[in-house]
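Take a look at the structure below.
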Amino acid sequence: RLRLLWEEVDGAHGYQIWRKADDGSWKIVKTLGDKGNELTDNQGATTAYSNTGLEAGQTYTYKMRAFMITEDGKKVFGAYSDEFSGAVKPETPVVTGTSSKAGRAVLEWDELSGAAGYQIWMSTSEDGEYSITKSITDSKTTTYTKYELESGKTYYFKVRAYSEVDGRKSFSDYSEVVNVKVK
C-alpha cells in the first residue's frame, strides 16, 4: 500500500485521486467526499488516503484535484496537482547464512522484484545493537561475504531491501535474524 497525504484545500468539498496506468493513461482510484453530489459539512477535511492492493517494490504515479459541489449539485473541479510518485516498500528478504572458511560469514537471499538494493546489518549478539555493515546498490546482488571475523564467534545479521524514487528510499521490513558461527 501507499499512503498519500496532502494539505486541505480551502473551499474543497472533496478530492479526486488519479493513478497512471502501465499504458500511460490515467484512472480514478478514489473520490473522497462525494456524498451523492450533496453539499454536506466537512467533506473536504480528509487529507489522507491509503491505496491498497499494490505490488511490493513497484513505483506508482499519482495526481489529484479538489472539487466543490454547488448548491444545485454540480461538481466544479480545481486544477490537477503536479504528478508525484511513490514506491511500495519491497517484500521482506528471506536470508540464509553460512561460514565455510575461517573468518568469513556468507549471507544469501533471493532477488526481490522492485528492489533497488539491500542493507546488511550486523551485531555481536542477537538482541544487541545492530549497525550497517554494507549497503548494496545493485538489486541483482543477492549474496554478501563479511571478512575478518573472529573464528569460533557467532555473529548476527539481518537484511532489508529498499526501493528508491526521486532520491527517497522505501525500506522493507528486516529479515529474520540469521546467526552465523564463524569457522
Side-chain angles (χ1 to χ4, degrees), residues 1-95 109-121 129-132 135-142 158-177:
R1 77 176 186 152
L2 277 174
R3 185 151 173 82
L4 310 177
L5 304 168
W6 61 91
E7 299 276 327
E8 185 175 345
V9 175
D10 287 339
H13 295 129
Y15 304 92
Q16 226 178 31
I17 301 168
W18 296 68
R19 187 176 70 218
K20 189 181 262 187
D22 291 340
D23 65 5
S25 65
W26 289 90
K27 302 201 181 326
I28 297 172
V29 292
K30 185 70 175 175
T31 300
L32 299 167
D34 186 355
K35 306 278 189 208
N37 287 354
E38 293 179 17
L39 186 58
T40 59
D41 292 336
N42 295 325
Q43 286 187 26
T46 301
T47 58
Y49 172 69
S50 289
N51 193 187
T52 59
L54 303 175
E55 191 174 334
Q58 296 303 307
T59 299
Y60 295 89
T61 302
Y62 297 87
K63 65 182 178 181
M64 56 187 302
R65 62 183 177 171
F67 65 85
M68 62 178 290
I69 300 173
T70 63
E71 301 249 349
D72 60 354
K74 294 189 177 43
K75 280 186 189 153
V76 177
F77 292 94
Y80 285 104
S81 68
D82 290 337
E83 294 178 18
F84 55 97
S85 296
V88 178
K89 72 180 185 177
E91 293 177 16
T92 305
V94 176
V95 181
W109 58 91
D110 289 334
E111 182 180 351
L112 298 176
S113 173
Y118 306 92
Q119 287 183 336
I120 292 83
W121 294 67
E129 186 175 320
Y130 285 79
S131 59
I132 295 176
S135 287
I136 297 172
T137 58
D138 176 11
S139 65
K140 303 250 184 251
T141 300
T142 58
K158 57 187 179 180
V159 177
R160 66 180 180 173
Y162 67 87
S163 54
E164 191 167 5
V165 175
D166 298 330
R168 296 178 63 183
K169 291 180 180 171
S170 179
F171 292 97
S172 73
D173 293 332
Y174 288 102
S175 68
E176 294 288 324
V177 172

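Only this structure's heavy atoms are used, side chains among them; waters, hydrogens and symmetry mates stay out.
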For [X] and [Y], work out which heavy atoms get closest and say how close.
X: Ile17; Y: Tyr62; result: CG2-CD2, 4.0 Å
X: Gln119; Y: Ile132; result: NE2-CD1, 3.6 Å
X: Ala161; Y: Glu91; result: CB-O, 4.2 Å
X: Ser139; Y: Ala115; result: CB-O, 2.9 Å
X: Pro90; Y: Ser163; result: CG-N, 3.7 Å
X: Leu54; Y: Leu2; result: CD1-N, 3.9 Å

If you define the side chain from C-beta out and look only at heavy atoms, does anything of [X] sit under 4.5 Å from [Y]?
X: Tyr118; Y: Thr141; answer: no
X: Leu112; Y: Pro93; answer: yes
X: Trp26; Y: Thr61; answer: yes

Please determine, by modelled atom types, if Thr92 and Ser175 share a side-chain donor-acceptor pair under 3.5 angstrom. no
Exercise. Check whether the side chains of Arg3 and Ser50 place a donor and an acceptor atom closer than 3.5 Å, and report yes or no.
Key: yes
Approximate separation, where rounding is to 0.5 Å, of [X] [atom1] and [Y] [atom2]:
X: Tyr162; Y: Ile136; atom1: OH; atom2: CD1; answer: 9.0 Å
X: Tyr130; Y: Lys158; atom1: OH; atom2: NZ; answer: 6.0 Å
X: Trp18; Y: Ile28; atom1: CH2; atom2: CD1; answer: 4.0 Å
X: Ser85; Y: Lys63; atom1: OG; atom2: NZ; answer: 12.5 Å
X: Lys75; Y: Met68; atom1: NZ; atom2: CE; answer: 13.0 Å

Assess whether atom [atom1] of [X] is packed by more than 12 heavy atoms of other residues, nucleotides or ligands within 6.0 Å.
X: Glu83; atom1: CD; value: yes
X: Asp110; atom1: CG; value: no
X: Asp23; atom1: CG; value: yes

Would Lys30 and Tyr49 count as a cation-pi pair here, with the cationic atom under 6.0 angstrom from the ring centre and within 45° of the axis? no
Checklist entry - Angle class for the Trp121/Tyr174 ring planes (parallel below 30°, perpendicular above 60°, tilted otherwise)? => result perpendicular
The side-chain contact (heavy atoms from CB on, under 4.5 Å) partner of Tyr15 among Thr31, Val9, Leu4 is Val9
- Query: How far apart are the C-alpha atoms of Lys89 and Asp173, what are their side-chain angles, what is the distance that settles it, and do they pass the side-chain contact (heavy atoms from CB on, under 4.5 Å) test?
  - Reply: CA-CA 8 Å; Lys89 72 180 185 177; Asp173 293 332; 3.0 Å; yes
